[in-house]
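Letters A, B, ... mirror the listed sequences (proteins, then strands); counts begin at 1.
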Amino acid sequence: MQSLPMPRRYLISSLLQPKPPLKLIKSLSHLKQIHAQLLTNDRLKSPPILAQLIQRFSSPLAPTHAHLILTHFHPPNLYLFNVLIRCTKPRDSIHLFAHWVSKSSLSFDDSTYVFVLGACARSCTAVSVLFEGKQVHARVIKHGFLSDVMVGTTAVHFYASNRDVGSARRLFDEMAVRSSATWNAMIKGYCSQKLKVGEYARDAFALFKEMLVSDVSGVTPTDTTMVSVLSAASQLGVLDTGTCVHGYIEKAIYTPELDVFIGTGLVDMYAKCGCLDSAMYVFKRMKERNVLTWTAMVTGLAVHGKGKQALEILDAMEAHCVKPNSVTFTSLFSACCHAGLVEEGLCLFHSMEREFGIEPLIQHYGCVVDLLGRAGHLKEAYSFVKDMKVEPDAVLWRSLLNACKVHGDVVMGEKVGKILLQLQQQTELSVVESSDVSEDYVALSNVYAYAERWEDVGMVRDMMKIKGIQTKPGCSSVQSFRGRLLDV
DNA sequence: ATAGGGTTAG
């Protein structure tokens with residue numbers, strides 16, 4: 001067994017201090033050793049000290065260790081159980097909770113439900129835990145914890161992050177007492193539906209207005225509210241509303257310096273609403289900027305076709321010691337794409353992995369394919385796809401198909417179009433919320449139309465009729481050109 | 001002695 005990095009006495013005494021130093025425990029073996037020491041010392045075998053240990057541990061605790069710790073207490077200790085639920089990975093906490101529900105030797109409290117529902121909200125990325133969360137919600141009702149504001153708020157957050165906006169709102173409306181955080185959870189829920197961007201942005205505004213006129217004491221918009229509302233304005237492309245929100249922030253939420261979160265939200269809002277000058281002005285005024293702030297600025301430059309300026313940001317970031325992340329590169333590629341900087345984009349793709357140590361994800365490959373395709377390098381784009389380390393997705397094929405159409409390559413267009421339709425048939429049954437189903441059929445039909453192969457056009461259109469696929473009308477989210485014109 | 005909410009993306 002390896003020796004402890006610190007003498008035992010020093011370590012335990014520092015744990016007993018009112019404010020133990022942060023990041024005291026670095027590795028799992030270190031944690032185990034301390035745990036062993038505590039177990040041999042009866043005086044120190046207390047839940048608060050173990051809780052400190054667990055919370056000072058830098059990474060989520062493995063479920064087996066969580067279990068081990070819990071079984072040392074007879075009867076089981078609720079406080080420690082809650083801390084463990086908080087300090088394991090979301091999915092592990094859900095399992096841990098389910099296990100102890102079946103043992104029925106603990107009667108849970110409000111904190112337990114806050115942590116479990118919070119875990120259900122956080123683990124929504126890959127596979128939905130809507131079913132598990134609903135069961136927790138049922139228990140909450142059964143045991144009378146729904147009247148607790150924090151439990152209710154977390155439940156709203158849970159439904160919204162699992163894409164069930166309707167249930168989130170129903171719960172929100174039923175709550176007798178709501179805090180600012182409750183309103184924030186619902187407003188945020190409307191703004192962060194990644195699969196349906198902008199679809200609930202108007203609901204977010206409506207709820208924000210209700211919040212403003214709410215006469216419940218203590219319920220006022222906070223910085224969190226404002227970040228969400230800015231995001232809603234940005235999604236809708238409503239510059240004048242966004243500007244009003246900015247005014248409200250300056251007036252109501254006074255801070256001597258622009259907060260990094262709100263500042264980033266403002267940069268994003270102005271850039272997406274077509275007002276790049278204002279975005280730059282806010283950006284320059286900010287004292288503290290993080291990766292997200294810089295990335296928002298890159299995105300702003302990218303959508304305005306300022307490719308060279310966007311690339312310069314990468315150097316500026318280095319000068320400010322801010323490391324770009326995966327998303328920053330997506331924005332940088334997008335900037336290259338919009339400005340037709342093919343060489344620069346390819347060069348960036350290689351340096352991303354070599355210099356910055358960021359592994360390319362599907363969206364990065366997608367950007368490069370888009371970049372090559374738009375510039376007319378269709379063969380290169382196709383062979384690039386064939387050499388990829390990950391499976392190409394529909395978005396990637398779609399951009400290649402579009403490039404084929406633009407550059408009149410019917411042969412490759414037909415090939416890619418068929419791959420797309422095949423891919424769609426595979427996902428049709430499993431993914432309910434697939435993006436515009438009609439797009440791929442229309443795109444393939446356009447490829448045939450370009451080649452004047454009318455029989456094939458008819459075939460695709462017939463397929464659409466049989467499958468009952470309807471085309472969607474196009475729309476623009478930018479409210480008016482007024483702001484843009486004033487800028488020029 | 002334990003708490004809920006935040007910005008970036010093809």
Taking any heavy-atom pair under 4.0 Å as a contact, classify A:Ser326: base, sugar-phosphate, or nothing. nothing
Between B:dA3, B:dT2, B:dT8, spot the one nearest the side chain of A:Asn82, thanks. B:dT2
Closest listed nucleotide, where the reference is the side chain of A:Val395 and the choices are B:dG4, B:dG6, B:dG10: B:dG10
Under the criterion side-chain hydrogen bond (donor to acceptor under 3.5 Å, both in side chains), I'd like the reasoning laid out for A:Ser179 against A:Thr182: C-alpha separation, chi angles, the key distance, then a yes or no. CA-CA 5 Å; A:Ser179 68; A:Thr182 318; 3.2 Å; yes
Using the ring of A:Phe172 (Phe, Tyr or Trp, six-membered ring only), decide whether A:Arg178 places NZ or CZ under 6.0 Å from its centre and within 45 degrees of its axis. yes
Gap between atoms CG and P, on A:Leu301 and B:dA9 respectively (whole Å): 13 Å
Any side-chain N or O of A:Lys272 under 4.0 Å from OP1/OP2 of B:dA9? yes
Distance check needed: B:dA9 C1' versus A:Asp370 CG, whole Å only. 13 Å
Which of these nucleotides, B:dT7, B:dA9, B:dA1, is closest to any side-chain atom of A:Leu292? B:dT7
Base, sugar-phosphate, or nothing: which does A:Asp223 touch, judged by heavy atoms less than 4.0 Å apart? base
How many whole angstroms separate atom CD of A:Gln363 from atom P of B:dT8? 15 Å
Is A:Met186 close to A:Val165 at the side-chain level, that is, under 4.5 Å between some pair of heavy atoms? yes
For B:dG4, does OP1 or OP2 lie under 4.0 Å from any side-chain N or O of A:Lys188? no
Per A:His157 side chain, nearest of listed nucleotides B:dG4, B:dA9, B:dT7: B:dG4
Just checking, is any N or O donor in the side chain of A:Ser331 or A:Thr328 under 3.5 Å from an acceptor N or O on the other one? no
Return yes if the base of B:dG4 and the side-chain atoms of A:Asp148 contain a donor-acceptor N/O pair under 3.5 Å, otherwise no. no
Confirm from the modelled atom types if A:Thr264 and B:dG6 form a donor-acceptor pair under 3.5 Å, side chain to base only. no
Whole-Å distance, A:His137 NE2 to B:dG4 P, equals 18 Å
Taking CZ from A:Phe81 and P from B:dT2, how many angstroms apart are they, rounded to a whole number? 18 Å
How is A:Ala185 classified with respect to the nucleic acid when contacts are heavy atoms under 4.0 Å: base, sugar-phosphate, or nothing? nothing
Whole angstrom value for the distance that separates P of B:dG10 from CZ of A:Arg398: 15 Å
Could you check whether A:Ser228 gets within reach of a base, just the sugar-phosphate, or nothing at all, counting any heavy atom under 4.0 Å? nothing
Using the side-chain heavy atoms of A:Val227, tell me which of these nucleotides is nearest: B:dA9, B:dA3, B:dG6. B:dG6
Would you mind telling me which of B:dG10, B:dG4, B:dA9 lies closest to the side-chain atoms of A:Cys367? B:dG10
Where the side chain of A:Phe115 is concerned, which of B:dT7, B:dG4, B:dG10 is the nearest nucleotide? B:dG4
Closest to the A:Asn325 side chain, choosing from B:dG10, B:dT8, B:dT2: B:dT8
Taking A:Glu312 first and then A:Lys306, would you say they form a salt bridge - that is, a charged N and a carboxylate O separated by under 4.0 Å? no
Starting at atom CD of A:Gln235, determine the distance to atom C1' of B:dG6, rounded to an integer number of angstrom. 14 Å
Do A:Glu250 and A:Arg285 sit within salt-bridge range, that is, some charged N less than 4.0 Å from a carboxylate O? yes
Base, sugar-phosphate, or nothing: which does A:Thr222 touch, judged by heavy atoms less than 4.0 Å apart? base
Using OP1 and OP2 only, check whether a side-chain N or O of A:Arg289 sits under 4.0 Å from B:dT8. no
Check every atom of B:dG6, B:dT8, B:dG10 against the side chain of A:Val327 and return the nucleotide holding the closest atom. B:dT8
Side-chain donor/acceptor contact of A:Asp393 with base of B:dG10 under 3.5 Å: yes
Round to a whole Å and report the spacing from CD1 of A:Ile187 to C1' of B:dT7. 16 Å
Stacked cation flag A:Arg139 on A:Tyr113, 6.0 angstrom / 45 deg: no
